[in-house]
Amino acid sequence: MSKDTLGELEELVLLAILRLGDGAYGLSIVDELEATAGRPVVRASIYVLLRRLEKAGLLESRREKPGEARGRPRRYVRVTEDGLALLRRARTVKLRMWEGIEQALEEG
Amino acid sequence: MKALLLGMLEKLLPGDWAMDVVGDLDEEHERRRRHGRVPADLWLAGQLLVFGGRFGVEAVREVTGAATWSEGVRSVGTELRLVLRSLRRSPLFLGTVVLTLGVGLGVNGAIFALLRTVVLEPLPYPESERLVVLDPNPWVPAAVLLDLESGGDGVEVLAGFYPRRFTVTGGERPEEMEGAVVTADFLPLLGAEMALGRGFAASPDPSREAVLSHGAWQRRYGGGGDVLGRTIRLDGVPHVIVGVTAQGFRQLTPRTEDPRIWTHRPLDRLGEDVLPEGSPPWAIPLARLSDDGGPAAAQVALSAAASRYVRKDPELTPGPRWELRWTPLRTQLTDHVRTPLLILQWAVGLVLLLACVNVANLILVRLHARRSEMAIRAALGASRGRILRQLLVESLVLAALGGLTGMAVTVWGLGIVRSLAPADLPRLAELSMGPHVILSFVAATVGVGLLLGVIPGLVSTAGPSQRTLAEGSRTSSGSRRTRLLSQALVVGEITLTLILVVSAGLLGRSFAALATQDPGFRSADVLAVRMSAPEHRYATVTRLERYQTDLLRALRRVPGVDAAGLANNLPSSRISAIRSYVVEGETEPREAQYGVVSPDYFQALDIPILRGRAFRADDARESPGVAVVDEAMARATWPDESPLGKRFRLTDSGRWLTVVGVSASIRGGGLAREPEPGFHIPHRQRPETPMELAVGKDMVLLVRVSEGAGDLSSALRQAVWTVDPAQPVPETASLEAILSDSTRPQRFRAALLGIFAAIALFLAVAGVYGVVANLLAERTREFGIRRALGATRGDVMRSVMGWGLRLTTVGVVLGLVGVLWTGRLLSSLLFGVGAADATTLGLGVVTVAGVAMLACLIPAWRATRIEAVSVVDGA
C-alpha cells in the first residue's frame, strides 16, 4: 500500500514523531499534538492513523520495556525514509503556496 | 473494573496493536487516577466505547476497501440492499435458514444461561472468590475454629453458622421457618445490606435479637415499616426484630435451604439451643482468605488446628474424618452439577453445529445455482474479494435474523428449563438472560455468520469464471468441489446425530432404570408428613414418645386412613441416621442405618416381615429391648445362622436388643443405591439420652390411605392439631411424589437430551433430504441418458439408494467412534446401563440410518421417474 500525499492529521502525527525522537509512542504523540499543535485529538484516531501509516511503510515500530513502573512494553515508532520523503514534499508544496502570502495576511 | 475494561479492549482491538494500545491506556489511567478531575474508571469506560467504535469503522473500511468512512457506509448499505432483495425472492430458503439457526442458537442460549448462572457466575458476595468453606464435610468442632481464630494465618475473617428450622408462633397458625444462628460478622462477610435497621455486630447483647429476610418481612408483616422492635417467638423464645436484609440478599451456603431469619450466638455456642447439654459444640465455618499467600497458609493452619484437637481428645483417632480442607464456596455449591451441565452444553453445541452444517449445505446449493451469475460478475471485473464480501454480508444478515429468532427460542427455553430443573439446583432462582449471556449470544451469532459466509463462499468462488460460463447454466456434473463438500457435510450430520441420539438413549434408559427400581417399600397411596415437635414442649424422651403415640391414634381415626406409622426418617432417607452397634460376643463395633419406628410402620409401607414378627403395642419402655433387622444386616452380621434371638446393643447405650424379626431390605439411601444393612427399634424404646431427644423431635408420619379416599392433607393436619394446636405442620406430600422428586435431576438431563436428539434427528432428515435432492437434480441428464441406454427404474433406485447407503455407513462408523469417545463423559451420569450398551447403540444406529435412508427415498423415487425423452426435449 503506497501513499503519494499526506492528510493534515497524518502530517501532524509524523511531525510530532520527529519532534519526540526516540521517545515517540502513542501516549507521547497525543500529548505532543495537544501541547504543541494546540489541537485536541481523539486518542483512538491517532492509533488508527499510526497503524495505517505503518502499513503504508511511512513508519516503523519496535517494542521495548520502558524501564519504569509500567508493566507492559511500549511500542515506539519512528519515521522511515519514505515518510521523510513525503514530509519533505509536503513542506515544499506548502512553502511554495505560502510564498508572497504573508503580506496579504497581515494587511487582511 | 480497570482490569475488566482493559481486558475487553484487548479483545476488541486488532491483534497487532491491541497490547500496545492497552498498555498506553493503562499508563494514562494511572496518570488520571493520580491527577485527573474525572474518575479514571469512567474515563477508561469512555475510551472503550470510542476505541471500539473507531477501530470498528476502520475494520469496515478495510473490508470494503473504501477510502473514507462515508464511502464504507455507502458500500455496505448497497450490499445490504442487494442481499435483502435477493433473500426476499427466496422465502423458503430464508425461512428454513432462519428457523434452523434460530433453534440452534436458541437452545445454546438457554443452556449457556443455565451454565453461566449456576456454575460460572461469581457468587453475589464481595470478594466471593476468597470465600471458603470446609470440604467434604462442612461441619467442624467449634474448638478447632476458636484455635484458628486466635492465630490462624491466611484467614482474614472467620465466621460461623448453624442451620436451624425454627418453629415460629404468635401468628394465626404456627409455622416453620428456615433460618440460621450466626456469628456477628457472618452477615457482613456476605455483604448483607440492611433495608431496615441493623445487623448484630453493633449490638452489646444480640442473643435475643433476630434479623428477617426481605421476603419473610413482606410475607409475614406486609412490608410494614413498624416491624423493627416487634417480638417474634422462635421455638417459644421471644426475639426482637432489629433488622431486615435488603431485597435480593440470599444466604447460599452448604446445608442451608434459603434461610429467612437469623439469630446470633458466639462461635462456640451457635448450636446451644438444639444440642444436648454437655455435647461439644459444632459449627459450619465460612471464611475469607487473605490476598497474599492466603490459601496455602490457611490450609496449613487448619490442618495444624485439627491435629491439635484430635491429639487432645483420647477418644478420637486421626483419620480421613480429620483431614479438613478449605474449598472455595462456589466450588462446594456447584461441584455436583458442573459435569452434568457441561455435558448439556456440549450436547447443544452439537445441535448448533448440526444446524450450521444444514445451513451451510443450503447456502452451497444456492451458491451453486447462482454460479453463472457470479461468473458473469467476475468476468465484468468484480474481484473474488468483492464477491466474497457480498456472500459474507448475506450470511451475516441470515445469522442476524436467525439470532433474533434464537433470542425468542432462548426465552421460551429458559421457561422449560425452570419447569424441568430439580428444585435444589443452586441459584436456579437467579436464572435469566443477563448481559454476559446476551453478549455471548451476539458473539455466537456473528461467529456463525462469518463461518457460513467464508467457507461456502471460498469453495464456490474458487476456479476461473470462464470455465463456468463455458459450461453454461445446465451442467451434467456441477462443481466437483461443491459436491464433495456437500457429501462431507451429510456424513458429518449423520455422525453428530448418532452421537446425540445414542447419548439421549443412554440417559433415557438410565432414568427409566432408576425410576423403576423397587425401593423395597410401598409408595403408592402413602402420604408423608414431615414435622418437628417443638422442643420446649416435649423436653423428655418419655413426653415425646407419649405425644407421638397420641398423634398416631388421632391419625388412625381419620376416615380413609388404613394405617399410620411413624419413623425418624423417610424410608428412602434412612441413610441419614447411621449408628454403631456391637454384637453380643464381639468387641468390634459395626455400623448400620438406624430406624426408630412405630409398630404400624411395616404395615403402612407394606414392608414384608420375612421371619419372626414386627413390633407390637406392648414393646414398650418397660419391656425387654427388641429390634427388627433387615435382610442385608442379617446377611452381613449373622451370615451362617438365623438372627432371630440374637442380641446386640448400640455403642452409646447399655441396653441389649433382641432380634425378633427380619424385614425385607429397603433402599435406605435412595433409588440409586443398593440396599445397605439397617435395623429398626420401637419408638417407645428410644434410648433416653440427650442426643436421642435432640434428634427425636424430627419425625415423619406415614399414612396409608384407601384407594379413592381423595385428598386427606387437610384432614390429617386437623387431626394433628387436635393433639397439639401449636404444632407447625408443613404440607403433606405423597411418598410417590417424594421418590419421583429424588430422580428429578436424572429426569431433567434425560428430558433435555431427548429434546436435543429429536431436534438433531429433524435437522438431519431435513439436511440429508435437501442435499440428496439437490445433488440428484444436478444429475438429471445423467439419469435420463442411462434410462435411454436401457437402465430400469429399479437400477436407478438401487444406484441412488446405494450411494445414500455408502454415505450413511461412513457417517455411522464415524458416529460410533464418537459415541465410544463421548461415553467416557457420560459414564458418571449413567445408572444400570453401560456407556457402550449394545442395545442402545444398536437402536441408535438403526434409527439414524433409517432416518437417513428415508430421507434419500423420495429423491431416489423422483430420479426413477426421469424419462430419456424429457431430458432430450429439454436439451
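Protein chains get the first letters and strands the later ones, always in sequence-line order, with residue 1 at the start of each.
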Worksheet item: chain B heavy atoms under 4.5 Å from A:Val30: which part of the residue, side chain, backbone, both or neither?
Response: neither
Response to the item:
Heavy-atom nearest pair, B:Val50 first then A:Ala44, reads CG1-CB, 3.9 Å
Item to complete: Output every pair passing side chain to side chain donor-acceptor pair (under 3.5 Å) with a member in residues 121-132 of chain B, not counting sequence neighbours, ordered by first then second residue.
Response: B:Arg116-B:Glu121, B:Glu127-B:Arg130, B:Arg130-B:Glu156
Worksheet item: Just how far is it from atom OG of A:Ser45 to atom CZ of B:Phe55, taken to the nearest 0.5 Å?
Response: 9.0 Å
Response to the item:
Between the CZ atom in A:Arg43 and the CG atom in B:Asp24, the distance rounded to the nearest 0.5 Å is 8.5 Å
N/O donor to acceptor pairs below 3.5 angstrom from side-chain atoms of residues 6-17 of chain A, sequence neighbours left out:
from, atom 1, to, atom 2, distance (Å)
A:Glu8, OE2, A:Arg39, NH1, 3.1
A:Glu10, OE1, A:Lys3, NZ, 3.3
A:Glu10, OE1, A:Gly7, N, 2.6
A:Glu10, OE2, A:Lys3, NZ, 3.1
A:Glu11, OE1, A:Lys94, NZ, 2.7
A:Glu11, OE2, A:Lys94, NZ, 3.2

Worksheet item: Using non-hydrogen atoms only, which part of B:Gln47 is less than 4.5 Å away from chain A: side chain, backbone, both, or neither?
Response: side chain
Worksheet item: Where on B:Asp26 is there a heavy atom nearer than 4.5 Å to chain A: the side chain, the backbone, both, or neither?
Response: side chain
Practice prompt. May I ask you to check whether over 12 heavy atoms, not counting those of B:Met8, lie within 6.0 Å of atom CE?
Written response: no
With the side chain counted from C-beta on, respond yes when [X] and [Y] share a heavy-atom pair under 4.5 Å apart, and no when they do not.
X       : Y       : value
A:Leu27 : B:Arg31 : yes
A:Tyr47 : B:Arg54 : no
A:Tyr25 : B:Asp20 : no

Worksheet entry | Passing option when B:Asp16 is tested against A:Arg51, A:Arg63, A:Arg75 for salt bridge (charged side-chain N to carboxylate O under 4.0 Å, His left out) | A:Arg51
